[in-house]
Amino acid sequence: MSTSTELVASVEIAHEARTERVPPGASEGPVLRVIPGEAVRVAALLGRDGKLAAAMAFGALAAGASLVGLVGTRDGRTLVERAELLRDARPDLIVVLAPQRGDAKDLGELAEALRFGCADQHPLPHILVAADERVRERVAAACPANPIESLPDVRTFAGREALVARLRAVRRRAQGDVVLRDEALEAAARAMAANAKADVVLLDVTGGQTSVIHARPDGFVLGIHERLGVGASADRVVARAGLDRVRRWMPRAVEAPALLERVFNRARWPDAIPASVLALSLEMALAREALAHTLADAERAGVSLDGPFAAPLVVLTGRLAELPRAAQSLLVAIDAFGPTAPTLVARAPGDALVAAGALAARGRVAAMPAAADPIAIVSAMWPRRSTTVRIKDENGVTEERIARGSLVRIPTRGAAEIVIGKTTIRPSADHLEVGVVIDARGRPLGLPPRDAERIPTLARWNAALDVLPAEAR
Amino acid sequence: MVWRYARHSADHPLPIGASERAAVGQEVHAGDVLAAGTTYGTPVRISGARRLGVAPQDLERVMRVAIGGEVERKTVIARTGRRFARAVSSPIAGRVIHRRADGDLYVAPVVGRWVVRSTLDGDVTRSDDACVTVDGSAWALQGVAAYGPDAIGDLSLAVDSPSDELQPSRIDVRLRDRILIAGARATAEAIARAHACGVAAIVAGAAPAGGLSVVYGEAATASGATTGPDAPTVLCLIGFGSAPLPHEVFTPLVALVGARAAVHTASARLFVFAPENAGDFARGAPSLALANDWLGARPMDEHLTLAGPVRFASEIEADAVTTPDGPVPVANVLAFDAPRTPRS
């Protein structure tokens with residue numbers, strides 16, 4: 001692949017409050033901007049098909065939009081309750097999903113509730129209709145002032161792509177020629193999968209958003225983008241997961257109110273740096289929950305995660321890749337993501353990968369930078385009894401016995417490869433910063449609820465990978 | 001700049017069911033009723049245009065009660081004809097709330113009433129069923145998050161110094177309808193006591209996030225929480241936990257004690273209605289530093305000294321500034337008036 005950036009001199013990547021330029025320094029030509037994108041609020045009016053809600057949730061996740069309201073024909077709400085829900089939701093866009101003819105009458109009711117609740121909203125929300133022609137007529141009659149656009153059936157791939165394109169256009173609004181961060185990452189993942197001729201998963205956790213992107217070598221890309229993060233959206237992670245689920249990852253006893261204080265302060269302090277070990281542990285805890293809930297939402301929306309979990313290459317970006325130790329990025333990733341097959345994990349700190357992805361997304365052919373450094377080969381297993389794995393590196397072959405429930409790190413030197421029975425997948429790398437990690441803890445991860453048992457368990461895992469500086473042990 | 005005397009705009013979103021609203025151009029004062037309306041019970045759908053034998057678009061012409069009008073049971077809502085009259089009457093007492101595209105009508109019983117009051121002295125610049133906007137001049141202070149309903153009252157000092165915590169023992173019913181200036185921290189106990197004593201609002205450097213969750217529920221986030229009228233109002237100026245107020249903020253607040261003020265919760269702003277020449281309040285914004293463990297924030301000295309790259313306990317290397325309590329990452333130092341929400 002060649003690099004061609006004739007028309008773009010540099011790429012500017014916006015973070016929470018700061019911007020970084022790739023390459024650094026003053027630009028001597030046009031600048032391509034990468035932005036997180038505005039939060040788009042979407043409400044959906046749904047027909048009777050039970051799969052429509054999941055299809056809508058899938059579309060919103062793929063587009064990085066916030067699904068702020070679902071109103072169904074059979075939700076039992078009155079006109080006033082539906083109208084109040086829609087008014088409070090303040091949607092930027094309304095999506096009408098009703099592929100069946102028989103939904104026309106009931107959808108008319110929902111459209112009346114929409115007009116009753118949002119007739120004076122400024123600007124009026126556009127209505128995207130993926131429905132039978134009769135439904136469209138009813139909606140148009142009930143909401144004559146709202147601009148109406150047609151969409152293909154969002155339960156299909158083409159329909160979802162159309163919805164994603166439309167929602168992303170809204171997220172870019174009034175920003176000129178920009179690339180959304182998730183678009184750039186999807187393009188980067190696609191290029192990496194094509195280069196590696198293997199499935200690639202890209203995990204990106206930033207202050208405001210978490211993305212899980214699965215790219216196949218045939219060009220297929222599945223992106224899930226949720227407004228959960230370790231910075232501006234940290235309070236949303238707590239609201240979504242609950243404070244106890246975040247607190248359970250803290251490697252020392254921390255009172256819940258004090259933890260919530262830290263989360264709230266971080267949420268309102270753009271680009272703040274975790275200077276203490278405790279703040280760093282909190283950032284890691286938030287990243288775990290942000291990833292876990294993004295994956296959980298994807299599963300709830302009907303997305304099959306078998307492919308991503310079995311991908312042989314996982315790349316970490318964003319704040320997840322910028323943790324001071326590679327082992328910290330790795331432990332967060334395997335705790336929250338939990339690959340099921342032997343996987344090479346790499347991390348790409350900085351913005352080089354995002355910049356290359358932005359150029360690729362704009363059609364400028366860009367070579368993926370070698371900025372993604374392999375940090376570990378991870379193999380998850382759940383053996384009935386102790387089992388042996390063989391690791392080859394420059395020192396020769398090492399055999400390691402793995403006990404059920406353990407987390408083991410085997411440091412390697414030079415080119416390394418892992419040999420495990422019952423699989424032909426043998427990830428290898430020229431150099432691994434952390435080494436080979438065998439995760440025999442099983443899934444779901446069992447963390448005891450009481451501090452007296454939980455903290456030693458976490459300390460054991462942290463010590464196995466040498467995750468935290470001495471202060472926190 | 002921390003304090004700013006300027007023309008501000010405040011949106012007042014309305015619930016469903018507005019029955020009266022201030023007109024565009026009308027002059028209002030903080031505390032005046034901008035809109036009033038009713039909350040509805042389960043609505044009843046009644047046949048309108050079909051029953052009358054008119055086209056849906058002609059229904060309005062024959063209606064005797066306008067949309068939004070109150071009706072008693074059996075009130076005739078619409079009627080056609082003279083000798084062979086056809087009429088639509090209300091099956092229940094309530095209000096005619098909505099006319100459908102097909103000409104049917106909804107009537108809903110009234111189960112409650114609400115009012116929305118202005119938080120600014122000024123003129124109404126937008127007025128519709130969704131929102132009333134008021135533009136007006138005032139001294140304003142931008143906070144990071146506000147909780148509870150909008151509040152209006154006279155400013156009153158409840159602490160001796162900007163680093164003091166608001167003590168519940170200093171709050172009593174004599175402070176009813178006042179906006180209290182707290183210092184570094186307003187605890188949940190102080191917030192609850194103030195609400196019980198009828199205090200309009202508390203303005204503090206910070207409030208404990210756990211306490212806010214207790215008072216406002218789990219839905220309260222770092223962005224604030226807008227609630228119904230039966231909740232206390234709290235404006236956090238700097239952050240959460242504990243945050244002493246900078247002198248540039250506290251001194252003008254003390255000078256403005258007794259002035260009429262309002263807290264606009266949705267935008268987390270304090271408006272003070274004092275003359276433009278009330279004092280020399282327009283000073284440069286002080287710097288604020290987030291604690292290294294993110295547990296609070298504090299104002300910094302005027303002159304910050306760069307310490308160069310520093311390796312912190314978390315092993316992160318970053319440019320830092322020197323403080324008496326040790327180095328602080330430059331990224332964790334913000335001006336008081338810096339935007340605190342990420343840009344899109």
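Here is the naming used below: chain letters follow the sequence lines, and residue numbers restart at 1 for every chain.
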Chemist: Just do the salt bridge (Lys or Arg N to Asp or Glu O under 4.0 Å) check on A/Asp271 and A/Arg18 with the steps written out, would you?
Modeler: CA-CA 7 Å; A/Asp271 289 322; A/Arg18 69 193 159 92; 3.7 Å; yes

Chemist: Side chain from CB out, backbone as N, CA, C, O: work out which of these in A/Glu109 comes under 4.5 Å of a heavy atom of chain B, or both, or neither.
Modeler: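 Both parts, heavy atoms under 4.5 Å.
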
Chemist: With chain B, which of A/Glu81, A/Gln121, A/Arg115 has the greatest number of heavy-atom pairs at distances under 4.5 Å?
Modeler: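 Top count of heavy-atom pairs under 4.5 Å with chain B: A/Arg115.
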
Chemist: For A/Arg236 and B/Thr221, which I'm curious about, is there any donor-acceptor pair between the side chains at under 3.5 Å?
Modeler: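 Their side chains do not contain a donor-acceptor pair, so the 3.5 Å distance test is not met.
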
Chemist: Please classify the contact of B/Val330 with chain A as side chain, backbone, both or neither, using a heavy-atom distance under 4.5 Å.
Modeler: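 Neither part.
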
Chemist: At a heavy-atom separation under 4.5 Å, does A/Leu282 approach chain B through its side chain, its backbone, both, or neither?
Modeler: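 Contact with chain B: side chain only.
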
Chemist: If you round to the nearest 0.5 Å, how far is CD1 of B/Ile97 from CD1 of B/Ile67?
Modeler: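 That separation rounds to 9.0 Å.
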
Chemist: Could you check which of B/Gly17, B/Ser223, B/Ala318 has the highest count of heavy-atom pairs closer than 4.5 Å to chain A?
Modeler: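 Max contact count across the listed options: B/Ser223.
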
Chemist: Counting heavy-atom pairs under 4.5 Å to chain A, which of B/Glu218, B/Arg100, B/Glu317 comes out on top?
Modeler: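 When all of B/Glu218, B/Arg100, B/Glu317 are compared, B/Arg100 has the most.
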
Chemist: Give, as side chain, backbone, both or neither, the part of B/Ala297 having an atom under 4.5 angstrom from any heavy atom of chain A.
Modeler: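 Side chain only.
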
Chemist: Any side-chain donor paired with an acceptor under 3.5 Å for A/Glu112 and B/His98?
Modeler: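 Present: a donor and an acceptor within the cut-off.
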
Chemist: Show the numbers, then the answer: is there a salt bridge (Lys or Arg N to Asp or Glu O under 4.0 Å) between B/Arg21 and B/Asp129?
Modeler: CA-CA 8 Å; B/Arg21 283 187 272 108; B/Asp129 279 349; 3.1 Å; yes

Chemist: Any carboxylate oxygen within less than 4.0 angstrom of a Lys/Arg side-chain nitrogen, looking at A/Glu84 and A/Arg82?
Modeler: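 Salt bridge flag = no for A/Arg82 with A/Glu84.
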
Chemist: Go through the atoms of B/Pro208 and report whether side chain, backbone, both or neither lie under 4.5 Å from a heavy atom of chain A.
Modeler: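 Contact with chain A is through both the backbone and side chain of B/Pro208.
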
Chemist: Answer with yes or no whether the side chains of A/Gln209 and A/Asp182 bring together a donor and an acceptor at under 3.5 Å.
Modeler: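 A/Asp182 vs A/Gln209: donor-acceptor pair found between side chains.
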
Chemist: Sort B/Pro56 into side chain, backbone, both or neither according to what part of it lies under 4.5 angstrom from a heavy atom of chain A.
Modeler: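 For B/Pro56, neither part sits under 4.5 Å from chain A.
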
Chemist: According to salt bridge (Lys or Arg N to Asp or Glu O under 4.0 Å), who are the partners of A/Asp235, at least two apart in sequence or on a separate chain?
Modeler: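 Expected list: none.
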
Chemist: By a 4.5 Å heavy-atom criterion (distance strictly below it), what part of B/Ala18 contacts chain A: side chain, backbone, both, or neither?
Modeler: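 Neither; nothing under 4.5 Å.
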
Chemist: What residue, out of A/Asp120, A/Val80, A/Val178, A/Thr78, has the most heavy-atom pairs lying under 4.5 Å from chain B?
Modeler: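 Sorted descending by pairs with chain B, the first entry is A/Asp120.
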
Chemist: Given that the side chain runs from C-beta out, which part of A/Leu280 has a heavy atom under 4.5 Å from chain B: side chain, backbone, both or neither?
Modeler: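 Just its side chain gets close to chain B.
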
Chemist: Please tell me whether B/Asp135 and B/Ser9 have a donor and an acceptor in their side chains that are separated by less than 3.5 angstrom.
Modeler: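 Short answer, yes.
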
Chemist: Cut-off 3.5 Å, side chains only: do A/Ser329 and A/Arg347 have a donor facing an acceptor?
Modeler: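 Per modelled atom types, A/Ser329 and A/Arg347 side chains form a pair under 3.5 Å.
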
Chemist: At a heavy-atom distance under 4.5 Å, which candidate from B/Ala320, B/Ala130, B/Ala209, B/Ser314 has the highest pair count against chain A?
Modeler: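 The answer is B/Ser314.
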
Chemist: Sort B/Ser213 into side chain, backbone, both or neither according to what part of it lies under 4.5 angstrom from a heavy atom of chain A.
Modeler: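 For B/Ser213, the contact with chain A is made by the side chain alone.
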
Chemist: Ignoring hydrogens and angles, state whether a donor on the side chain of A/Ser233 or A/Arg227 is under 3.5 Å from an acceptor on the partner side chain.
Modeler: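 No, no side-chain donor-acceptor contact under 3.5 Å.
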
Chemist: In terms of heavy-atom pairs under 4.5 Å, which option from B/Gly210, B/Ala101, B/Pro329, B/Pro327 contacts chain A the most?
Modeler: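 It is B/Ala101.
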
Chemist: Give, as side chain, backbone, both or neither, the part of B/Pro339 having an atom under 4.5 angstrom from any heavy atom of chain A.
Modeler: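 The backbone, not the side chain.
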
Chemist: In terms of heavy-atom proximity below 4.5 Å to chain A, should B/Arg311 be classed as side chain, backbone, both, or neither?
Modeler: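 For B/Arg311, there is no contact with chain A at all, as no heavy atom is under 4.5 Å.
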
